Amino acid sequence: MRPFLLLASRDHDVVADDEYRAFCEYAGLTPGELVRVRAEAGPLPAIRLEDYSGVILGGSPFTASDPEEQKSECQRRVEKEIGTLLDRIVEEDFPFFGACYGVGLLGTHEGAVVDRRFGEPVGPVRVQLSPAGVVDPLCAGLQPSFDAFVGHKEAVRTLPSNAALLAGSASCPVQMFRFKRNLYATQFHPELDLPGLERRVDAYRHSGYFPPEEADAVKDRARRAHVHEPQRILRNFVERYAR
């Protein structure tokens, strides 16, 4: 099997390593089957799509819809380089899955309106599959309604007409979408489990996702949730595209 490629841009080593652990575990991949490139650490290496089964884009502290003048030099470089790679991925309809940050980058690339109107606080939300989502192969085995962990400042406000809406929630109408046949993104984090969420709360407590003094309350709310369904999406992605 050709490996999958994980594009990461976490600037916190503990969170970055935990994200990689979770993607491997829930996608059913060994470390040798999931090659990680940390885009924030330096320029992207040359990437030959034909060497991989698919590309996964992890979450990020970056917010794609921020004005360019407010972005750091690192963020501008990362988004330019990933955008160039997305040009090739979209043209070839190459298997792609973006989690959270992927909504901003893939959505913007394909003409979605992405802004801060439907940001959600860190914690669990109830996600509802659309009719298209119920029959989509990446949602196979999912309940029509399930809990997932979120935490994002931006989201899709409007999808273009050539996108398939696969899932939404009461607080964020676009939780999952597909372009063409093989280009997917979720606003929620299918790789995120409770230990991972607690690590991110600690790492990003001063990053504007929630008032820092509410960190323990955020963890308590997450502990009361039962988040087990979203991880199936990662396994479905790997089983569908492994070659």
Side-chain angles (χ1 to χ4, degrees), residues 1 3-41 52-62 78 82 95-106 120-125 127 138-143 146-152 167 169 175-176 184-205 207 209-210 215 218-242:
M1 184 188 81
F4 286 79
L5 173 65
L6 173 63
L7 296 175
S9 58
R10 299 280 181 186
D11 58 354
H12 191 286
D13 288 344
V14 171
V15 174
D17 289 344
D18 185 74
E19 179 184 65
Y20 181 61
R21 181 272 310 169
F23 273 117
C24 285
E25 178 178 346
Y26 294 118
L29 297 170
T30 67
E33 295 169 336
L34 184 61
V35 175
R36 178 175 64 163
V37 173
R38 291 185 63 174
E40 90 292 345
Y52 299 99
S53 291
V55 175
I56 299 171
L57 177 64
S60 177
F62 298 149
V78 166
I82 293 179
F96 174 87
F97 182 87
C100 197
Y101 192 43
V103 164
L105 294 191
L106 178 62
E120 293 177 295
V122 175
V125 298
V127 174
L138 251 63
C139 300
L142 290 174
Q143 295 297 316
F146 56 89
D147 287 339
F149 285 131
V150 300
H152 54 100
S169 67
Q175 286 283 355
M176 183 176 184
Y184 290 87
T186 60
Q187 188 63 78
F188 57 87
H189 286 276
E191 85 288 359
L192 192 54
D193 52 23
L194 181 59
L197 182 140
E198 291 181 329
R199 290 186 184 96
R200 293 185 195 184
V201 167
D202 290 336
Y204 298 126
R205 66 189 302 155
S207 297
Y209 291 97
F210 52 85
V218 171
K219 292 180 184 179
D220 287 341
R221 287 195 297 273
R223 290 170 187 145
R224 294 194 293 270
H226 300 281
V227 177
H228 305 292
E229 293 279 305
Q231 293 90 343
R232 297 188 188 193
I233 296 172
L234 297 177
R235 185 64 66 100
N236 289 342
F237 181 76
V238 167
E239 290 178 354
R240 179 171 174 79
Y241 294 115

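All values derive from a computational prediction rather than experimental measurement. Scope of the values below: all heavy atoms of this structure, side chains included, with no hydrogens, waters or symmetry mates.
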Chemist: Could you pull out the closest heavy-atom pair between L57 and G102, with the gap in Å?
Modeler: CD2-CA, 3.6 Å
Chemist: How long is the straight-line distance from CZ of F23 back to CD of Q231, given to the nearest 0.5 Å?
Modeler: 11.0 Å
Chemist: The criterion is side-chain hydrogen bond (donor to acceptor under 3.5 Å, both in side chains); which residues satisfy it with D18, sequence neighbours excluded?
Modeler: R21, R199
Chemist: Any idea which heavy atoms bring R10 and A16 closest together, and the distance?
Modeler: CB-CB, 3.7 Å
Chemist: For A8 versus E19, what's the shortest heavy-atom pair and its separation?
Modeler: CB-OE1, 3.9 Å
Chemist: Return the CZ to CG distance between F188 and D147, rounded to the nearest 0.5 Å.
Modeler: 11.5 Å
Chemist: Give the intermediate values and the outcome of side-chain contact (heavy atoms from CB on, under 4.5 Å) for residues L138 and F97.
Modeler: CA-CA 10 Å; L138 251 63; F97 182 87; 4.0 Å; yes
Chemist: Applying side-chain contact (heavy atoms from CB on, under 4.5 Å) to Q187 and S169, what does each step give before you reach the verdict?
Modeler: CA-CA 10 Å; Q187 188 63 78; S169 67; over 6 Å; no
Chemist: Restricting to non-hydrogen atoms, name the atom on A242 and the atom on S53 that form the minimum distance, rounded to 0.1 Å.
Modeler: CA-OG, 3.8 Å
Chemist: Please evaluate residues Y209 and V218 with respect to the criterion side-chain contact (heavy atoms from CB on, under 4.5 Å), reporting the C-alpha separation (whole Å), side-chain torsions for both, the decisive distance (0.1 Å), and the verdict.
Modeler: CA-CA 10 Å; Y209 291 97; V218 171; over 6 Å; no
Chemist: Looking at L106 and Y184, what are the two nearest heavy atoms and their distance?
Modeler: CD2-O, 3.9 Å
Chemist: Does the side-chain contact (heavy atoms from CB on, under 4.5 Å) test come out yes or no for V122 and Y204, once each step is laid out?
Modeler: CA-CA 11 Å; V122 175; Y204 298 126; over 6 Å; no
Chemist: If I take atom OH from residue Y26 and atom NE2 from residue H228, how far apart are they, to the nearest 0.5 angstrom?
Modeler: 9.0 Å
Chemist: To the nearest 0.5 Å, what is the distance between CD (Q175) and NE2 (H152)?
Modeler: 5.5 Å
Chemist: Quick one: closest heavy-atom pair of L192 and V227, and the distance?
Modeler: O-CG1, 4.4 Å
Chemist: As a test of understanding, state which of H12, H189, R205 forms a side-chain contact (heavy atoms from CB on, under 4.5 Å) with R200.
Modeler: H189
Chemist: Side chain of Y241, backbone of F96: donor and acceptor closer than 3.5 Å?
Modeler: no
Chemist: When rounded to the nearest 0.5 angstrom, what is the spacing between CG in L34 and OH in Y52?
Modeler: 10.0 Å
Chemist: Do V127 and M176 come within less than 4.5 Å of each other through their side chains, counting heavy atoms only?
Modeler: no
Chemist: In the structure I gave you, are the side-chain heavy atoms of T186 and E191 within less than 4.5 Å of one another anywhere?
Modeler: no
Chemist: How long is the gap from CG on L29 to CZ on F4, to the nearest 0.5 Å?
Modeler: 6.0 Å
